[in-house]
Amino acid sequence: MTSPAGVFRSRIGKYQVTALYDGTLQVPQDVFLGEDRQVISNTLQSGGMGLAEDLVPIPVLAFCLQSEDETILIDAGLGAVDAFGPGMGLMSGALAAANTQPDDVTAVVLTHAHPDHIGGMLTGAAPTFANARVVISEAEHGFWSDAGVMAQAPDEAKGFFQLAQATFAAYGDRLELVSSDTEVLSGMRFEAASGHTPGHSILHVDGGDHQFIMMADIVHNSVLQTAHPDVGFGFDVDPEQAAKTRAALLDRAATDNILIAASHVPFPGLGRFVRDGGGYRYVPANLVG
C-alpha cells in the first residue's frame, strides 16, 4: 500500500507505528561543534548532506503508535511555532493523512521540551490533544520550569522556556512527571539520556515479538554524528555529556542490532546503527529488513 505524503506505516509487534514528517530544518554547518571544520564539511559532503551556502538539512519526525486500545504520540513536532524558518509544522497534516485526529490521541510521550518536539502540543493557547495524558521526565520538566535557569539563559533561548511553561500549564493535571527507567505506558520504558537537555529521554518500546528504541535527539545528523560521535550540536545544554550519551547508545544499538526510531534521521526515521571503521553508520530499515 502506498503511504500518503509525510506518512509511513510499519507494523512492529502489537503496534502500528506511523512516522510523521514535520518538515526539514536548514541549519548552518557551524552549529556542529568540537571537530575540525574541514573534517565536518568533508564528512557531510561525502554523505550527501552538504547544501548550498553551507547549510545542513535536519528532518524533524514524530511517531504515532496504535494498538487495540491506545493511540500514543511520541513528540508533537513544531506546530505553529515560528522559530526555525519556513517549511515546518507539517505534522498535523501528516496525522490527518494517517486518519488520526487529535482527539483520538490517548497519550503523548515527550522525549524533551525543545520547540520542535512540543510546539504541536498547543493550538493557540489550548491543548491540541484534548483527551491525552502527557508524560515527560521530572528532570526535563524541572529544568524548563525553573525561573532561575530561565533568567540565566540567553535572550534568544527564553522563548523556549516560555513555550515549555505554557505547554505544561495548558495540560494541567493531565501532565505526568516520571523518573528515569520508568514504565510510562504498558511495554514502554523511559530511559535517561541526558546531555542534549537535562531530562532528555529515550523510549524503549516492547511490542511483544518485536522491540525498538525511540532515540529522539541522540543524533542530529545521521552522517556526521555517527562517523564522529564526539561532534556536538549547538543546542546541546551539556555538549560533553551529550557526546558520552551518544557514544554509549550508538554502541548499544550496534551491539544489540536493535531497530531504532529517531527524530532527526531521514524520513521515515526507522533503521539501525551499525559499526563502520572507528565510528558508526545509519542504515534505513528498508535496507535491513
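This chain uses plain numbering: 1 for the first residue, then up along the sequence. These numbers come from a predicted model, not from an experiment.
When atom types are taken as modelled, the side chain of D75 and the backbone of T111 share a donor-acceptor pair closer than 3.5 angstrom. No side-chain donor-acceptor contact under 3.5 Å links D54 to the backbone of P28. With hydrogens and angles disregarded, no donor-acceptor distance shorter than 3.5 Å links the side chain of N257 to the backbone of A254. Put simply, the side chain of T197 gets close to the backbone of H200: a donor and an acceptor are under 3.5 Å apart. Using a distance-only test at 3.5 Å, with no hydrogens or angles considered, a donor-acceptor pair links the side chain of D146 to the main chain of G148. Between the side chain of Q225 and the backbone N or O of V231, at least one donor-acceptor pair lies under 3.5 Å. Between the side chain of H264 and the backbone N or O of P59 there is at least one donor-acceptor pair closer than 3.5 Å. Looking only at distances, no side-chain donor or acceptor of R246 sits under 3.5 Å from a matching main-chain atom of Q241. Here the side chain of D256 pairs no donor or acceptor atom with the backbone of I258 at under 3.5 angstrom. T245 places a side-chain N or O within 3.5 Å of a backbone atom of S194 that can act as its donor or acceptor partner.
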- Task: Starting from the C-alpha separation in whole Å, work towards a yes-or-no answer on salt bridge (charged side-chain N to carboxylate O under 4.0 Å, His left out) for D251 and R275.
- Result: CA-CA 8 Å; D251 177 73; R275 288 188 174 82; 2.4 Å; yes
- Determine, step by step, whether S46 and T43 satisfy the side-chain hydrogen bond (donor to acceptor under 3.5 Å, both in side chains) criterion, reporting the C-alpha distance in whole Å, the side-chain angles of both residues, the deciding distance to 0.1 Å, and the verdict. CA-CA 5 Å; S46 66; T43 303; 5.4 Å; no
- side-chain contact (heavy atoms from CB on, under 4.5 Å) evaluation trace for D103 with F129: CA-CA 6 Å; D103 286 355; F129 306 103; over 6 Å; no
- Do L25 and M88 pass the side-chain contact (heavy atoms from CB on, under 4.5 Å) test, and can you show the C-alpha distance, the side-chain angles, and the key distance before you say yes or no? CA-CA 7 Å; L25 308 172; M88 299 299 299; 3.6 Å; yes
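Using a 4.5 Å heavy-atom cutoff, the side chains of V108 and I72 are not in contact. Annotation: side chain of I136 is in contact with side chain of L177 (closest heavy-atom distance under 4.5 Å). Counting heavy atoms from C-beta on, the side chains of M214 and I202 never come closer than 4.5 Å. Counting heavy atoms from C-beta on, the side chains of M215 and L249 come closer than 4.5 Å. In this structure the side chain of L163 never reaches within 4.5 angstrom of the side chain of F160, judged on heavy atoms. In this structure, L203 and V205 have side chains that are in contact, with non-hydrogen atoms separated by less than 4.5 Å. A 4.5 Å side-chain heavy-atom check between V178 and E138 finds every atom pair outside the cut-off. You'll find the side chain of L20 stays beyond 4.5 Å of the side chain of F63, heavy atoms only.
The closest side-chain donor-acceptor pair between T128 and T123 falls under 3.5 angstrom.
Contact detail for R37 and D30: the closest heavy-atom pair is NH2-CA, 3.0 Å. Taking all atoms of both residues into account, the shortest heavy-atom contact from L78 to D22 is N-OD2, 2.9 Å. Minimum heavy-atom separation, Q165 to W144: NE2-O, 2.9 Å. The minimum heavy-atom distance linking I40 with Q29 is given by the pair CG2-OE1, 4.4 Å. Nearest heavy atom pair, residue V134 against residue M121, reads CG2-CE, 3.7 Å. When all heavy atoms of E140 and A113 are compared, the pair lying nearest together is OE2-N, 2.9 Å.
Separation of atoms CG (L250) and CD1 (I218) is listed at 8.0 Å; rounding is to 0.5 Å. Taking OG1 from T106 and CG from L73, the interatomic distance works out to 10.0 Å, rounded to the nearest 0.5 Å. With rounding to the nearest 0.5 angstrom, the CZ atom of F212 is 9.0 Å from the OG atom of S10. For the atom pair H228 NE2 and E35 CD, the distance stands at 5.5 Å (nearest 0.5 Å). A distance of 4.5 Å separates CD of Q16 from OG1 of T18, quoted to the nearest 0.5 Å. Note: N131 CG to T71 OG1 = 11.0 Å, rounded to the nearest 0.5 Å.
L259 and V265 are members of different hydrophobic clusters when ILVMFWY side chains are connected at heavy-atom separations under 4.5 Å. In the hydrophobic clustering of ILVMFWY residues, with side-chain heavy atoms under 4.5 Å counting as a link, F143 and Y171 come out together. Residue V60 is grouped with residue L122 when hydrophobic side chains (ILVMFWY) are merged at heavy-atom distances under 4.5 angstrom, including chains of intermediate members. L44 and V219 fall into different hydrophobic clusters, where Ile, Leu, Val, Met, Phe, Trp and Tyr are joined by side-chain heavy atoms under 4.5 Å apart, directly or via other members. A chain of hydrophobic side-chain contacts below 4.5 Å, direct or via other Ile, Leu, Val, Met, Phe, Trp or Tyr residues, connects F233 to V223.
Shown here is E240, whose CD atom has no more than 12 heavy atoms of other residues, nucleotides or ligands within 6.0 Å. For H210, the NE2 atom is loosely surrounded, since the number of other residues' heavy atoms within 6.0 Å does not exceed 12.
Using a cutoff of 4.0 Å between basic side-chain nitrogens and carboxylate oxygens, R252 and E191 are scored as salt-bridged. Note on D181 versus R189: salt bridge recorded, some NZ/NE/NH1/NH2 to OD/OE distance being below 4.0 Å.
Residues F8 and Y21 keep their aromatic ring centres 6.0 Å or farther apart. Close placement of the H196 and H114 rings is indicated, their centers lying within 6.0 Å of each other. When ring centroids are compared, F273 and Y282 come within the 6.0 Å threshold.
F168 meets the ring-ring contact (aromatic ring centres under 6.0 Å, His included) test with H141; sequence neighbours excluded.
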